[in-house]
Amino acid sequence: MPEKIIKHVAIAGNIGAGKTTLCTKLANHYNWEVHYEDTEVNPYLPDFYADMKRWSFHLQIYFLNSRYQQILKIHNGDKTVIQDRTIYEDAFIFAPNLYEMGLMSERDFNNYTTLFKTMMAQIRPPDLLIYLRAGIPKLVSHIHSRGRDYEGNMSLDYLKRLNEKYERWIGKYQEGNLLTIKVDELDFERNPEDFGKIINQVDSQIHGLF
């Protein structure tokens with residue numbers, strides 16, 4: 001009987017939680033392929049941070065489409081892929097937050113939500129979702145250290161609102177297997193022992209899937 005493999009691992013977490021760093025390290029450890037979030041070539045991101053109301057719908061549609069294409073490639077491929085941020089975060093956290101803040105119109109939000117539901121009918125959830133839980137000080141520290149210009153004027157209130165939505169979403173998540181990692185006291189980028197703790201948790205989840 002052939003050995004089963006997981007096809008899709010995804011990492012969720014607020015801006016600055018350490019998703020990309022952990023994606024890279026787990027991919028190297030397990031020899032997985034990585035699908036990074038499309039921030040470097042996203043044509044809307046700088047405009048969005050300059051004028052959120054004008055560009056919010058365009059940005060969210062771009063992310064939704066990008067993530068959907070990634071998932072289709074994962075389903076149709078034969079490799080294990082770890083994905084930096086999930087399609088759920090677009091629909092349950094970022095788009096609703098923009099709508100509630102008055103930065104996306106009701107018409108655009110309803111259009112977006114309908115499109116998301118259509119996509120959901122075509123795809124499966126990740127075999128394992130890893131959620132990085134981080135407090136505001138940790139998020140701010142990471143955001144400042146990476147020095148992306150377009151993130152420079154991000155407010156603490158914005159991060160807090162996102163964190164609250166993340167906690168509500170994760171509290172109700174039942175689509176598949178979930179591993180929550182509290183990262184406030186960890187430095188998995190520089191400390192091998194901290195990264196080893198995460199590997200042990202991921203190993204337990206993977207072995208529990210079969």
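Positions are given from 1 along the sequence. Bear in mind the structure is a predicted one, so any value in this text is a computation, not a measurement.
- Under the 4.5 Å side-chain criterion, counting only non-hydrogen atoms from C-beta, F195 is in contact with I199.
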Checking salt bridge (Lys or Arg N to Asp or Glu O under 4.0 Å) for the pair E33/K73: CA distance, chi angles, key distance, verdict? CA-CA 12 Å; E33 195 172 283; K73 287 178 184 176; over 6 Å; no
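- T86 and E89 are linked by a side-chain donor-acceptor pair at a separation below 3.5 angstrom, with hydrogens and angles left out of the test.
- Atom CD1 of I130 is separated from atom SG of C23 by 8.0 Å, given to the nearest 0.5 angstrom.
- Side chain of H75 to main chain of R124: a donor-acceptor pair is present (N/O by atom type, distance under 3.5 Å, no hydrogens or angles).
- Pairing each heavy atom of A10 with each of P126, the nearest pair is CB-CG, 3.8 Å.
- Among R161, M52, K53, the single residue meeting the side chain to side chain contact (heavy atoms under 4.5 Å, CB included) criterion with M101 is R161.
- For the residue pair N111 and F57, the shortest heavy atom distance occurs at ND2-CZ, 3.7 Å.
- Interatomic distance, NZ of K165 versus CG of N97, reported as 5.0 Å (0.5 Å rounding).
- Residue Y173 is grouped with residue Y131 when hydrophobic side chains (ILVMFWY) are merged at heavy-atom distances under 4.5 angstrom, including chains of intermediate members.
- Between the side chain of S56 and the backbone N or O of L98 there is no donor-acceptor pair closer than 3.5 Å.
- In terms of heavy atoms, A12 sits closest to L129 at CB-CD1, 3.9 Å.
- In terms of the side chain to side chain donor-acceptor pair (under 3.5 Å) criterion, D187 has no residue partners (sequence neighbours excluded).
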Can you list the steps and then say if L45 with Y62 is a side-chain contact (heavy atoms from CB on, under 4.5 Å)? CA-CA 10 Å; L45 206 53; Y62 184 92; over 6 Å; no
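- Side chain to side chain, Y99 and N110 fail the donor-acceptor criterion of an N or O pair below 3.5 Å.
- A cation-pi contact, defined as under 6.0 Å to the ring centre and within 45° of the axis, is absent between K25 and F188.
- The structure places NE2 of H35 at 12.5 Å from CZ of R67, a figure rounded to the nearest 0.5 Å.
- The structure places CZ of R85 at 7.0 Å from CG of N14, a figure rounded to the nearest 0.5 Å.
- With sequence neighbours excluded, no residue forms a side chain to side chain donor-acceptor pair (under 3.5 Å) with Q60.
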Apply side-chain contact (heavy atoms from CB on, under 4.5 Å) to the pair Y30 and I82, showing each step before the final yes or no. CA-CA 10 Å; Y30 290 105; I82 185 165; over 6 Å; no
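- Note on M104: it clusters hydrophobically with F48, by side-chain heavy-atom contacts below 4.5 Å among ILVMFWY residues.
- Among residues two or more places apart in sequence or in another chain, the side chain to side chain donor-acceptor pair (under 3.5 Å) test is passed with K138 by none.
- Counting only heavy atoms from C-beta outward, the side chains of P125 and Y88 approach each other to under 4.5 Å.
- You'll find the side chain of L22 stays beyond 4.5 Å of the side chain of V183, heavy atoms only.
- The main-chain N or O of V9 is never found under 3.5 Å from a side-chain atom of D127 such that the two would form a donor-acceptor pair.
- Atoms CG and CD1, from D194 and I181 in turn, are 11.0 Å apart once rounded to the nearest 0.5 Å.
- When only modelled atom types and interatomic distance are considered, Q69 and N65 share a side-chain donor-acceptor pair under 3.5 Å.
- Cluster annotation: F116 and I71 are assigned to the same hydrophobic cluster (Ile/Leu/Val/Met/Phe/Trp/Tyr, side-chain heavy-atom contacts under 4.5 Å, transitive).
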Report the C-alpha distance between F63 and I87 in whole Å, list the side-chain angles of each, state the deciding distance to 0.1 Å, and finish with yes or no for side-chain contact (heavy atoms from CB on, under 4.5 Å). CA-CA 8 Å; F63 273 132; I87 199 168; over 6 Å; no
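- V81 and Y68 fall into different hydrophobic clusters, where Ile, Leu, Val, Met, Phe, Trp and Tyr are joined by side-chain heavy atoms under 4.5 Å apart, directly or via other members.
- When all heavy atoms of Q205 and L178 are compared, the pair lying nearest together is NE2-O, 3.9 Å.
- Here the side chain of K19 pairs a donor or acceptor atom with the backbone of G13 at under 3.5 angstrom.
- Without hydrogens or angle criteria, N191 side chain to L186 main chain gives no donor-acceptor distance under 3.5 Å.
- Under the 4.5 Å side-chain heavy-atom criterion for grouping Ile, Leu, Val, Met, Phe, Trp and Tyr, L72 is not connected to I74 through any hydrophobic cluster.
- Taking all atoms of both residues into account, the shortest heavy-atom contact from L139 to A134 is CD2-CB, 3.7 Å.
- Annotation: the span from I170 atom CD1 to I93 atom CD1 amounts to 7.0 Å, rounded to 0.5 Å.
- Using a cutoff of 4.0 Å between basic side-chain nitrogens and carboxylate oxygens, D157 and K160 are not scored as salt-bridged.
- Side-chain contact between F94 and L64 is absent, with no heavy-atom pair separated by less than 4.5 Å.
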Could you walk me through whether T24 and Y36 pass the side-chain contact (heavy atoms from CB on, under 4.5 Å) check? CA-CA 9 Å; T24 302; Y36 290 109; 2.7 Å; yes
